[in-house]
Amino acid sequence: MLDPQAPTISNIAITAGANSATITWDTDEPATSSVEYGVTSSYELGTQSTGALVTNHSLTLIGLNPDTVYHYQIGSADGVGNLATTTDAIFQTLASGGSGDAGIESDDFQGSVLDPGLWSFVDPVGGGGYQLVGAGTPDAQLALSVPAGTNHDVWTAGNRSVRVMQAALDEDFEIEVKFESEPTQAYQMQGLLIEQDADNFLRVDFYSDGTQLRLFAAHFVNGVPSTQLNQAVTRGSTLYLRLTRQGDQWTPHYSYDGSSWTTASSFTHTLQVSAVGVFAGNAGSNPAYTAVSGLLFQYRCTNCARG
């Protein structure tokens, strides 16, 4: 007998920043996740959604304006299509501090779950996943995995990578990620994403061409990529990646121990930053890959008093 009942939506919570808002809720059965939103109840800014059937839901709206009231409506459908929606509701984004503090928070993944108030997990293709390893210990790690046989590239078909993202303000910043994994097969990849929106963003990452490890950077304008950096680097089982943003100038750095750093070529690109994150992907013959991070976003402020 088919289930005639739509899911029950409960425990709705909003965490709003200046340029983004994360909306979380629960359902009493596995269901999809969607949020319509806009500056009016017509929800003219569109819908954020995922088709995964879950009971704990989290979606992040990015590219919002500071100090602005937004309308939203949540929707969740169960496995047979019974849809539940909420009534129109509102939230207000924070005012931008304008202080050079991009609002990026570090995480060492020692918690038992990925903080839904900080991170949004994105798996646009399906089949990918994440796992917290060693929770509660100094050796805790986040593992982002993509399966073999399916393309999870970040290129002309869009951003198909598995990733975790957090909201950020459009300010100068310096962020760092420690990878305790190395791409060795063509074309496994791991790195940083800096987003304005789904079609306008940066990727800065390590990937393997099958012979060498390479440091790569590209910017995307309306979905069209442009390579800014593609250089061979020495292989290493531990890889640190740092990205410095000063205005429209972006400078990647890399290290094997977190102390001695090599600065790569800078490039210039205009981007209104709304979110930052880390990703894992594959391309070519699409080998399986797991990117393992022991530290994300060891934040360093380049233009303000915060250290």
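Hydrogens, waters and symmetry mates play no part in the numbers below; they use all other heavy atoms, side chains included.
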Tell me the closest heavy-atom pair linking [X] and [Y], and the distance in Å.
X	Y	answer
Ser266	Thr251	OG-OG1, 2.6 Å
Asn151	Ala283	ND2-CA, 4.1 Å
Ala21	Leu64	N-CD1, 3.8 Å
Ser33	Val54	OG-CG2, 4.1 Å
Phe279	Val154	CE1-CG2, 3.9 Å
Ile9	Ala84	CD1-O, 3.7 Å

Can [X] and [Y] be counted as an ion pair, charged N to O under 4.0 angstrom?
X	Y	result
Glu174	Arg245	no
Lys178	Glu176	no
Arg214	Asp209	yes

Residues that [X] engages under ring-ring contact (aromatic ring centres under 6.0 Å, His included), provided they are two or more places apart:
X	result
Tyr37	none
Phe201	Phe220
His152	none
His269	His219

Would you say [Y] and [X] are linked by a side-chain donor-acceptor pair, where the criterion is simply a distance under 3.5 Å?
X	Y	answer
Glu44	Thr40	yes
Thr270	Asp248	yes
Ser226	Gln228	yes
Tyr130	Asp123	no
Gln185	Tyr289	no
Tyr207	Asp153	no
His57	Thr27	yes
Gln141	Glu180	yes
Ser34	Gln48	no
Gln92	Asp67	yes

Main-chain N/O of Asn56 paired with Asp26 side-chain donor or acceptor, under 3.5 Å:
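Pair absent, no side-chain N/O of Asp26 close to backbone of Asn56.
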
With sequence neighbours excluded, what pairs up with Asp199 under the side-chain contact (heavy atoms from CB on, under 4.5 Å) test?
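With sequence neighbours excluded, Asp199 shows a side-chain contact (heavy atoms from CB on, under 4.5 Å) to Asp197, given in chain and number order.
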
[options] screened by side chain to side chain contact (heavy atoms under 4.5 Å, CB included) with [X], the one that passes:
X	options	answer
Ile104	Leu118, Leu296, Val276	Val276
Tyr70	Ile90, Leu61, Leu45	Leu45
Phe267	Leu229, Thr227, Leu202	Leu202

Does one hydrophobic cluster hold both [X] and [Y], with members joined at side-chain heavy-atom distances below 4.5 Å?
X	Y	result
Met165	Ile175	no
Leu213	Val278	yes
Val177	Val233	yes

Side chain to side chain contact (heavy atoms under 4.5 Å, CB included), that's the test. Do Leu241 and Leu215 meet it? Break it down for me.
CA-CA 9 Å; Leu241 181 61; Leu215 180 65; 3.8 Å; yes

Show your reasoning for whether side-chain hydrogen bond (donor to acceptor under 3.5 Å, both in side chains) applies to Thr55 and Glu29.
CA-CA 6 Å; Thr55 56; Glu29 60 177 315; over 6 Å; no

Contact list for residues 72-86, test side chain to side chain donor-acceptor pair (under 3.5 Å), sequence neighbours left out
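For residues 72-86: Trp25-Ser76, Asp78-Asn82.
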
